[in-house]
Enquirer: 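Pasting a structure below so you can have a look.
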Amino acid sequence: MQPFLDTDTEALRKVDVVLTDVDDTLTRQGKLCASTLDAMERLADAGIRLVPVTGGCAGWCDHIVRAWPVAAVIGESGAFRFIKQSDGSLDQRFVRPREHLREEQRKLLQLADTALSAVPAARLAADQPYRLADVAIDHSQDVGPLGSNDIQRLIDCMRRGGARARASSIHVNAWFGDHDKASMAVSLLEEDFAIASGEQASRVLFIGDAPNDESLFARFPLSVGVANIARHLDKMQSRPKWVCRASHGAGFEEMVERLLAARP
């Protein structure tokens, strides 16, 4: 990986969409700083569409897309995308019918019971009641932080039940199906933003911090990690092209400064 500050600004000149993780990429210890929110506003003012791509719950995503300066939000590890329309209503698209997702979620909760029995120090995420599709097990938000062996044990329990499972900086997210953050991002870019697959390599930048961002690091050549990604790199196969000097929201702000400086 290369330092992001050393990148050739020519590579960033055509970027008009930024995809970003939320926890520990925009935030630090769950807090969004005013300076980070200002950086988000500056992207919007420059005509660059910002799309949070998160493992966060549907309830949180409803708030984000209504209250933050974003063009859309992707939540629950790619299970859906929300877009606020000009009349203020919310346009929602899910990977499968919601009733199917809810039935899958009931099965996931049964698997989670087994995982929690194996790792008693973990527990369901506090936002689980506001989720529509996946299951999140807390390892570092309101508990722990748990060690890497416990986190892997949680992941293995969910995978043995046929689920996909990845660790974010705070949760283990689990779901059924082939979708992930990257697949829903590509769907959004093509169907909602009319950016063809061949254009995405030069027009889309992704920034993140954790192993559950790997599908996006692999999909988008213009990929950036905030500095706190360093503690996860030995567990990751797909890594960002660049890494910021700063961590958390300050790293996002560093990316924004560099991106805006590259604008024609």
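The residues of the chain are indexed from 1 along the displayed sequence. Just so you know, these numbers come straight off a predicted model, no measurement behind them.
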Enquirer: Will you find, in the side chains of Thr114 and Arg160, an N or O donor that is under 3.5 Å from an N or O acceptor?
Expert: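 Side-chain D/A pair, Thr114 to Arg160: absent.
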Enquirer: Answer yes or no: is there a donor N or O on one side and an acceptor on the other, between the side chain of Arg159 and the main chain of Arg164, under 3.5 Å?
Expert: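 Pair absent, no side-chain N/O of Arg159 close to backbone of Arg164.
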Enquirer: For Glu103 and Arg106, what are the C-alpha separation, side-chain angles and deciding distance, and is it a salt bridge (Lys or Arg N to Asp or Glu O under 4.0 Å)?
Expert: CA-CA 5 Å; Glu103 177 59 32; Arg106 284 189 280 272; 2.8 Å; yes
Enquirer: Please step through side-chain hydrogen bond (donor to acceptor under 3.5 Å, both in side chains) for the pair Arg219 and Ser238, ending with a clear verdict.
Expert: CA-CA 9 Å; Arg219 178 63 180 80; Ser238 298; over 6 Å; no
Enquirer: Identify the two heavy atoms, one from Ala79 and one from Ala133, that lie closest to each other, and give their separation to 0.1 Å.
Expert: CB-CB, 3.7 Å
Enquirer: How long is the straight-line distance from OG1 of Thr25 back to CG of Asp209, given to the nearest 0.5 Å?
Expert: 3.5 Å
Enquirer: Salt bridge check, Arg13 against Glu10: does any charged N sit closer than 4.0 Å to a carboxylate O?
Expert: yes
Enquirer: Go through the steps for Arg28 and Ser247 under the test side-chain hydrogen bond (donor to acceptor under 3.5 Å, both in side chains), then give the verdict.
Expert: CA-CA 9 Å; Arg28 181 188 294 269; Ser247 68; 3.0 Å; yes
Enquirer: Looking at every heavy atom in both His139 and Ala167, which two are closest together, and how far apart are they?
Expert: NE2-CB, 4.4 Å
Enquirer: Do you reckon Phe206 sits in the same ILVMFWY cluster as Leu5, going by side-chain contacts under 4.5 Å, direct or chained?
Expert: no
Enquirer: Give, for atom CD1 of Ile83 and atom CZ of Phe193, the distance between the pair rounded to the nearest 0.5 Å.
Expert: 5.5 Å
Enquirer: Rounded to the nearest 0.5 Å, what separation is found between the CZ atom of Arg66 and the OG atom of Ser89?
Expert: 8.0 Å
Enquirer: Do Leu222 and Arg203 come close enough that some side-chain heavy atom pair is under 4.5 Å?
Expert: no
Enquirer: To the nearest 0.5 angstrom, please state how far the NZ atom of Lys84 sits from the CH2 atom of Trp68.
Expert: 14.5 Å
Enquirer: What heavy-atom pair brings Asp192 and Arg81 nearest, and what distance separates the two atoms?
Expert: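 Scanning both residues completely, I find the closest heavy atoms to be OD2-NE, 2.9 Å.
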Enquirer: Could you work out, with salt bridge (charged side-chain N to carboxylate O under 4.0 Å, His left out) as the rule, every residue matching Asp138, not counting sequence neighbours?
Expert: none
Enquirer: Consider only side-chain heavy atoms of I, L, V, M, F, W and Y, link residues closer than 4.5 Å, and tell whether Val73 and Leu37 are in one cluster.
Expert: yes
Enquirer: Can you check side chain to side chain contact (heavy atoms under 4.5 Å, CB included) on Leu12 and Phe4, steps first, answer last?
Expert: CA-CA 11 Å; Leu12 306 176; Phe4 186 62; 3.8 Å; yes
Enquirer: Are side-chain heavy atoms of Ser169 and Arg231 found at a separation under 4.5 Å?
Expert: yes
Enquirer: What are the two closest non-hydrogen atoms of Glu76 and Leu132, and how far apart are they?
Expert: OE2-N, 2.9 Å
Enquirer: In terms of hydrophobic clustering (I, L, V, M, F, W, Y; side-chain heavy atoms under 4.5 Å; direct or indirect links), are Ile64 and Ile170 co-clustered?
Expert: no
Enquirer: Applying side chain to side chain contact (heavy atoms under 4.5 Å, CB included) to Lys181 and Asn212, what does each step give before you reach the verdict?
Expert: CA-CA 8 Å; Lys181 286 184 170 185; Asn212 70 329; 3.5 Å; yes
Enquirer: Mind checking the CG-OG spacing from Asp178 to Ser183? Nearest 0.5 Å is all I need.
Expert: 8.5 Å
Enquirer: Counting C-beta onward and ignoring hydrogens, is there a side-chain heavy-atom pair between His171 and Gln141 closer than 4.5 Å?
Expert: yes
Enquirer: Any chance you could lay out the side chain to side chain contact (heavy atoms under 4.5 Å, CB included) test for Phe220 and Val186, step after step, and finish with the verdict?
Expert: CA-CA 10 Å; Phe220 297 103; Val186 169; 4.3 Å; yes
Enquirer: Which residues satisfy the salt bridge (charged side-chain N to carboxylate O under 4.0 Å, His left out) test with Asp23, sequence neighbours excluded?
Expert: none
Enquirer: Check Glu99 with Arg102, please: is the shortest side-chain N to carboxylate O separation under 4.0 Å?
Expert: no
Enquirer: Can you hop from Val224 to Val15 via hydrophobic side chains spaced under 4.5 Å?
Expert: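 Yes; Val15 is reachable from Val224 via cluster members.
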Enquirer: Among all residues two or more places apart in sequence or in another chain, which pass the salt bridge (charged side-chain N to carboxylate O under 4.0 Å, His left out) test with Arg166?
Expert: Glu214
Enquirer: Would you call the rings of Phe82 and Phe80 parallel, tilted or perpendicular if under 30° counts as parallel and over 60° as perpendicular?
Expert: parallel
Enquirer: I'd like to know if the side chain of Asp213 reaches the main chain of Leu216, judged simply by a donor and an acceptor atom lying under 3.5 Å from each other, with no hydrogens or angles considered.
Expert: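 Such a contact is absent between Asp213 side chain and Leu216 backbone.
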Enquirer: Checking side-chain hydrogen bond (donor to acceptor under 3.5 Å, both in side chains) for the pair Thr7/Trp242: CA distance, chi angles, key distance, verdict?
Expert: CA-CA 8 Å; Thr7 189; Trp242 300 295; 3.3 Å; yes
Enquirer: Should we say atom NZ of Lys235 is surrounded by more than 12 heavy atoms from elsewhere, each under 6.0 Å from it?
Expert: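 More than 12 heavy atoms, drawn from other residues, nucleotides or ligands, come within 6.0 Å of this atom.
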Enquirer: Around Gln85, counting heavy atoms of other residues, nucleotides and ligands shown, do more than 12 lie under 6.0 Å from its CD?
Expert: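 Correct, the count exceeds 12.
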Enquirer: Within the distance-only criterion (no hydrogens, no angle test), does the side chain of His232 pair as donor or acceptor with the backbone N or O of Ser168 below 3.5 angstrom?
Expert: no
Enquirer: Can you see which heavy atom on Ile195 is nearest to which on Gln200, and at what distance?
Expert: O-NE2, 3.1 Å
Enquirer: I'd like to know if the side chain of Gln128 and the backbone of Ala136 have a donor-acceptor N/O pair within less than 3.5 Å.
Expert: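 Yes, Gln128 side chain to Ala136 backbone: donor-acceptor pair under 3.5 Å.
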Enquirer: Strictly below 4.0 Å, N to O, side chains only: are Lys14 and Glu199 in salt-bridge contact?
Expert: no
Enquirer: Could you tell me whether the side chain of Phe217 reaches within less than 4.5 Å of the side chain of Ile229, counting heavy atoms only?
Expert: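 A side-chain contact exists here, since the closest heavy-atom pair is under 4.5 Å.
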Enquirer: Side chain of Asp127, backbone of Trp60: donor and acceptor closer than 3.5 Å?
Expert: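 Pair absent, no side-chain N/O of Asp127 close to backbone of Trp60.
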Enquirer: Hey, is the main chain of Ala34 close enough, under 3.5 Å, to the side chain of Asp38 for a donor-acceptor pair?
Expert: no
Enquirer: State whether the side chain of Ser117 and the backbone N or O of Asp113 hold a donor-acceptor pair below 3.5 Å, judged by distance alone.
Expert: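 The answer is yes, because a donor-acceptor pair under 3.5 Å joins these two groups.
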Enquirer: Go through the structure and list residues passing side-chain hydrogen bond (donor to acceptor under 3.5 Å, both in side chains) with Arg245, not counting sequence neighbours.
Expert: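 Expected list: none.
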Enquirer: Check whether Val22 and Tyr130 end up in the same hydrophobic cluster, where Ile, Leu, Val, Met, Phe, Trp and Tyr are linked by side-chain heavy atoms less than 4.5 Å apart.
Expert: no
Enquirer: In Å and rounded to the nearest 0.5 Å, what is the NE2 to CG distance from His248 to Asn228?
Expert: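 So the NE2 of His248 and the CG of Asn228 are separated by 4.0 Å.
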Enquirer: Side chain to side chain contact (heavy atoms under 4.5 Å, CB included), that's the test. Do Arg123 and Asp142 meet it? Break it down for me.
Expert: CA-CA 9 Å; Arg123 71 184 190 202; Asp142 297 326; 3.3 Å; yes
Enquirer: Indicate the atoms forming the closest heavy-atom contact of Val226 with Val243, along with that distance.
Expert: O-CG2, 4.1 Å
Enquirer: Can you give each donor-acceptor pair under 3.5 Å made by side-chain atoms of residues 39-56, sequence neighbours left out, with the distance rounded to 0.1 Å?
Expert:
| residue | atom | partner | partner atom | Å |
| --- | --- | --- | --- | --- |
| Arg42 | NH1 | Glu257 | OE2 | 2.6 |
| Arg42 | NH2 | Glu257 | OE2 | 3.3 |
| Thr54 | OG1 | Gly56 | N | 2.8 |

Enquirer: Considering only NZ, NE, NH1 and NH2 on the basic side and carboxylate oxygens on the acidic side, decide whether Asp134 and Arg131 come within less than 4.0 Å.
Expert: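 Result for this pair is yes, salt bridge flagged.
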Enquirer: Does Met158 sit in a hydrophobic cluster with other residues, and if so which ones, taking ILVMFWY side chains as linked at heavy-atom separations under 4.5 Å, directly or through other members?
Expert: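 Listed partners: Leu108, Leu109, Leu111, Leu116, Val119, Leu124, Val135, Ile137, Leu146, Ile151, Leu154, Ile155, Val172, Phe176.
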